[in-house]
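Written out below as structure tokens is the structure these notes cover.
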Amino acid sequence: MQIKLIAVGKTDDSSLQELINTYVKRLSHYCNFSLEIIPDLKKTKNMDESLQKSKEGALILKHVNPSDLLILLDEKGKSFTSEEFSEEIQKKLNTGMKQLLFVIGGPYGFSPEVYQRANQKIALSKMTFSHQIIRLFFTEQLYRAFTILKNEPYHHR
């Protein structure tokens with residue numbers, strides 16, 4: 001199964017990007033993982049929130065195939081402990097599905113069309129974080145999930 005994280009907008013901080021790359025590299029030992037960046041929209045100064053979400057949503061949906069399992073990283077989603085998240089990943093792996101997509105939206109979240117297409121929503125926290133820092137949190141938690149599944153010592157129970 002291909003696991004992909006799609007995110008809107010580039011990471012400006014090179015040290016943050018370096019940390020993300022560390023976990024992306026570590027994940028390659030466990031799964032076929034990739035991080036895909038959708039470029040920031042241009043000329044958003046005069047764009048209202050709804051229009052920006054709609055345009056970003058259209059760009060996100062261009063990357064989604066009908067057979068993909070689409071999971072939004074959304075503050076209104078279901079929360080998991082690290083162990084529960086690893087079990088959720090195992091369930092997804094057991095389906096035999098070709099591609100599992102996780103998506104981090106832009107600064108205003110997701111359009112109604114993206115919510116409608118989504119199969120699931122997961123919250124990494126009840127707190128709000130920048131869409132850039134969530135990339136690090138998610139890649140680390142996905143790596144942690146695989147180490148839990150492999151019974152490796154990275155995660156201390």
Side-chain angles (χ1 to χ4, degrees), residues 1-41 56-111 114-115 117-157:
M1 173 186 288
Q2 166 75 31
I3 300 176
K4 188 182 290 186
L5 174 62
I6 297 173
V8 175
K10 64 181 170 62
T11 301
D12 300 331
D13 186 327
S14 62
S15 57
L16 181 58
Q17 187 59 54
E18 195 175 311
L19 288 168
I20 294 166
N21 291 343
T22 297
Y23 287 103
V24 169
K25 184 177 178 183
R26 288 180 183 187
L27 278 164
S28 69
H29 299 290
Y30 300 98
C31 65
N32 186 358
F33 178 80
S34 62
L35 172 59
E36 193 165 324
I37 304 300
I38 295 174
D40 284 313
L41 293 175
E56 287 172 349
L59 293 172
I60 289 168
L61 292 174
K62 282 184 181 179
H63 294 268
V64 181
N65 297 316
S67 62
D68 292 343
L69 183 65
L70 179 62
I71 300 174
L72 306 181
L73 299 179
D74 185 279
E75 62 190 12
K76 296 175 224 84
K78 182 177 180 183
S79 295
F80 294 94
T81 64
S82 293
E83 290 89 353
E84 291 167 342
F85 182 61
S86 71
E87 291 170 13
E88 189 70 12
I89 292 297
Q90 185 63 63
K91 286 179 195 172
K92 305 297 187 224
L93 294 172
N94 291 345
T95 66
M97 185 161 289
K98 279 180 137 177
Q99 186 160 254
L100 176 57
L101 297 179
F102 291 92
V103 181
I104 300 168
Y108 300 115
F110 299 104
S111 68
V114 173
Y115 277 119
R117 170 58 183 85
N119 299 96
Q120 186 177 3
K121 294 182 291 189
I122 291 178
L124 294 181
S125 173
K126 290 183 181 183
M127 300 173 101
T128 302
F129 297 101
S130 77
H131 62 284
Q132 294 183 25
I133 200 91
I134 286 298
R135 297 169 199 192
L136 174 61
F137 293 166
F138 176 78
T139 53
E140 190 280 336
Q141 281 300 299
L142 187 60
Y143 172 72
R144 182 177 298 273
F146 278 103
T147 63
I148 290 168
L149 292 174
K150 298 289 185 184
N151 228 2
E152 294 177 353
Y154 180 78
H155 178 75
H156 303 286
R157 297 176 200 245

Please list every donor-acceptor pair under 3.5 Å in which a side-chain atom of residues 96-108 meets a protein atom from a residue at least two apart or in another chain.
from: Gln99; atom 1: NE2; to: Asp68; atom 2: OD1; distance (Å): 3.3
from: Gln99; atom 1: NE2; to: Asp68; atom 2: OD2; distance (Å): 3.1

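Taking Ser86 as the reference, Ala145, Ile148, Leu149 meet the side-chain contact (heavy atoms from CB on, under 4.5 Å) condition, with sequence neighbours excluded. The ring-ring contact (aromatic ring centres under 6.0 Å, His included) test applied to Tyr23 returns Tyr143, not counting sequence neighbours. For the side chain to side chain donor-acceptor pair (under 3.5 Å) test, residues two or more places apart in sequence or in another chain that qualify with Gln141 are Ser82. Annotation: side chain to side chain donor-acceptor pair (under 3.5 Å) contacts of Asp40 (sequence neighbours excluded): none. Residues forming a side chain to side chain donor-acceptor pair (under 3.5 Å) with Asp12 (at least two apart in sequence, or on another chain): Lys10, Gln132. Taking Leu19 as the reference, Leu136 meet the side-chain contact (heavy atoms from CB on, under 4.5 Å) condition, with sequence neighbours excluded. Listed by chain and residue number, Asp13 satisfy the side chain to side chain donor-acceptor pair (under 3.5 Å) test with Ser15 (two or more places apart in sequence, or in another chain). For Thr128, the side-chain contact (heavy atoms from CB on, under 4.5 Å) partners are Glu75, not counting sequence neighbours. With sequence neighbours excluded, the residues that form a side-chain contact (heavy atoms from CB on, under 4.5 Å) with Asn32 are Gln2.
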Step by step, work out the side-chain contact (heavy atoms from CB on, under 4.5 Å) result for Ile134 and His131. CA-CA 5 Å; Ile134 286 298; His131 62 284; 5.6 Å; no

List the steps and the verdict of side-chain contact (heavy atoms from CB on, under 4.5 Å) for Gln90 and Leu93. CA-CA 5 Å; Gln90 185 63 63; Leu93 294 172; 4.1 Å; yes

Check step by step if side-chain contact (heavy atoms from CB on, under 4.5 Å) holds for Met1 and Asn94. CA-CA 10 Å; Met1 173 186 288; Asn94 291 345; over 6 Å; no

With side-chain contact (heavy atoms from CB on, under 4.5 Å) as the criterion, how do Tyr115 and Lys121 come out once you've worked through the C-alpha distance, each side chain's angles and the decisive distance to 0.1 Å? CA-CA 9 Å; Tyr115 277 119; Lys121 294 182 291 189; 3.7 Å; yes

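The existence of a salt bridge linking Glu87 and Lys91 is excluded, since no basic side-chain nitrogen approaches an acidic carboxylate oxygen closer than 4.0 Å.
To the nearest 0.5 Å, atom CD of residue Glu83 and atom CD of residue Glu88 are 14.0 Å apart. Between the CG atom of Asn21 and the CG atom of Leu16 there is a distance of 9.5 Å, given to the nearest 0.5 Å. In this structure, CD on Glu140 lies 9.5 Å from CG on Leu27, to the nearest 0.5 angstrom. Rounding to the nearest 0.5 angstrom, the gap separating the OG1 atom in Thr11 from the CD1 atom in Ile37 is 5.5 Å.
For the ring-ring contact (aromatic ring centres under 6.0 Å, His included) condition, no pair includes a residue of residues 59-99, sequence neighbours left out. Listed by first and then second residue, the salt bridge (charged side-chain N to carboxylate O under 4.0 Å, His left out) pairs involving residues 21-36 are Lys4-Glu36 (not counting sequence neighbours).
Leu59 has its side chain out of reach of Leu61: every pair of non-hydrogen atoms, C-beta onward, lies at least 4.5 Å apart. In this structure, Lys92 and Gln120 have side chains that are in contact, with non-hydrogen atoms separated by less than 4.5 Å. Looking at Leu73 and Leu5, their side chains come closer than 4.5 Å, going by heavy atoms from C-beta outward. Using a 4.5 Å heavy-atom cutoff, the side chains of Leu69 and Thr95 are not in contact. With a 4.5 Å cut-off on side-chain heavy atoms, Phe110 and Glu56 do not count as touching. Phe138 places none of its side-chain heavy atoms less than 4.5 Å from the side chain of Ile133. Residues Asp74 and Ile122 have side chains not in contact (no heavy-atom distance under 4.5 Å, counting atoms from C-beta outward).
No more than 12 heavy atoms of other residues, nucleotides or ligands lie within 6.0 Å of CD in Glu18, so this atom counts as exposed by the packing criterion.
Asn65 contributes no side-chain N or O that, together with a main-chain N or O of Ser67, makes up a donor-acceptor pair within less than 3.5 Å. Not a single donor-acceptor pair under 3.5 Å links the side chain of Asn119 to the backbone N or O of Ile71.
The heavy-atom pair separating Ile3 from Cys31 by the smallest distance is CD1-SG, 4.1 Å. Shortest non-hydrogen contact noted between Ser79 and Glu84 is O-OE1, 4.3 Å. Pairing each heavy atom of Ser111 with each of Gly57, the nearest pair is OG-CA, 3.6 Å. Pairing each heavy atom of Arg117 with each of Pro66, the nearest pair is NH2-O, 3.5 Å.
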